[in-house]
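Keep in mind that the numbers below use all heavy atoms, side chains included, and drop hydrogens, waters and symmetry copies.
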Amino acid sequence: MCLEMSCVFLSIAVRVAETMVRINQTTTVTEFLFSGFPQFEDGSLLFFIPLFVIYIFIVIGNLTVFFAVKVDTRLHNPMYNFISIFSFLEIWYTTATIPKMLSNLISRQRTISMIGCLLQMYFFHSLGNSEGILLTTMAIDRYIAICNPLHYPTIMTPRLCAQLSAGSCIFGFLVLLPEIAWISTLPFCGPNEIHQIFCDFEPVLRLACTDTSMILIEDVIHAVAIIFSVLIIALSYIRIITVILRIPSVEGRQKAFSTCAAHLGVFLMFYGSVSLMYLRFSATFPPILDTALALMFAVLAPFFNPIIYSFRNKDMKIAIKKLFCPQKTVNLSSD
């Protein structure tokens with residue numbers, strides 16, 4: 001479902017970007033130059049190899065989680081369905097930026113076309129928005145499961161689960177279209193160096209030949225969205241923890257904590273890195289720190305997500321073993 005929607009949104013985004021760029025007759029800049037790799041000039045291959053390995057691991061790891069959930073019928077429940085959708089989105093989230101980073105590391109021409117830059121911003125942030133909404137949905141799902149377990153099966157039905165998953169993707173992609181359409185109409189007639197390792201709102205808007213006060217408005221909009229999501233998730237987990245602490249048995253508390261630990265870890269990593277990047281408003285960081293923060297939420301957070309969901313979850317471990325060694329798993333089960 002999410003793959004089909006991604007294809008639809010891709011065709012729409014390409015048409016919108018091409019139309020807007022043609023309409024904007026004052027635009028003289030046709031491509032941007034990435035200057036976020038100055039410290040990598042002498043040893044770009046040394047950075048290319050680990051980044052390439054990390055990207056392959058992210059793709060394979062998230063595909064493994066996705067198919068493990070689909071194959072193992074014991075994991076056909078709302079919690080694991082959300083995890084599988086999240087893993088699927090993570091693959092495309094990293095694919096929006098890392099392949100271009102890799103090509104920039106081994107190429108002397110570290111450029112991207114205007115349309116390519118708009119599309120990269122659109123898909124990177126649309127997928128990030130979808131993931132953020134899905135993490136919020138997962139927190140609410142855990143809240144209902146732990147704080148209201150008797151009504152959980154009737155509330156979180158397969159139909160509602162599918163609607164929430166699809167709604168996260170649709171809203172995440174639609175909400176960003178007006179912003180990208182507006183950016184595509186701005187005149188870019190001066191410097192074309194993006195001081196970052198991929199196209200992002202703030203570095204691109206600073207290159208526009210117009211009033212840059214809109215950057216502050218952009219920052220406020222993004223901050224409100226981030227803080228609102230963080231508050232919902234934080235309040236859900238505070239309530240969850242208070243309920244878990246009231247469970248009389250130690251085994252019951254441990255089981256309840258184990259189901260939430262992975263979600264909480266991913267939430268802290270995702271929103272922690274995003275907050276460092278986008279909740280700073282007009283504050284400026286040194287280029288190397290900007291690059292480090294970008295790598296943290298665009299590369300390192302997706303790298304650790306499949307590790308957290310697979311190694312810290314007993315059911316997921318069994319499902320992964322069943323995916324790669326089905327015969328051995330059957331023999332062990334029969335014994």
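- A donor atom on one side chain and an acceptor atom on the other are not found under 3.5 Å apart for Asn148 and Tyr143.
- For the residue pair Glu90 and Asn305, a side-chain donor N or O sits within less than 3.5 Å of a side-chain acceptor on the partner.
- Ring pair Phe88/Trp92 is perpendicular by interplanar angle, where above 60° counts as perpendicular and below 30° as parallel.
- Note that the CG atom of Asp141 and the CG atom of Leu164 stand 9.0 Å from one another [nearest 0.5 Å].
- Counting only distance, with no hydrogens or angles, the side chain of Asn77 and the backbone of Tyr80 share a donor-acceptor pair below 3.5 Å.
- With sequence neighbours left out, Glu131 forms a side-chain hydrogen bond (donor to acceptor under 3.5 Å, both in side chains) with no residue at all.
- Partners of Cys209 under the disulfide (SG to SG under 2.5 Å) rule, at least two apart in sequence or in another chain, are Cys189.
- Checked by atom type and distance alone, the side chain of Gln120 pairs as donor or acceptor with a backbone atom of Cys199 at under 3.5 Å.
- Aromatic ring orientation, Phe86 versus Phe270: perpendicular (interplanar angle above 60°, classes split at 30° and 60°).
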Acceptor/donor pairs from residues 230-245 side chains to any protein atom, 3.5 angstrom cut, sequence neighbours excluded:
unit_1 : atom_1 : unit_2 : atom_2 : d
Ser236 : OG     : Ile232 : O      : 2.8
Thr242 : OG1    : Ile238 : O      : 3.3
Thr242 : OG1    : Arg239 : O      : 2.6

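- Phe52 CZ: 12 or fewer foreign heavy atoms inside a 6.0 Å radius.
- By the 30° and 60° cut-offs, the orientation of the rings of Phe198 relative to Phe124 is tilted.
- Closest non-hydrogen pair, Gln196 versus Thr291, comes out as OE1-CA, 4.1 Å.
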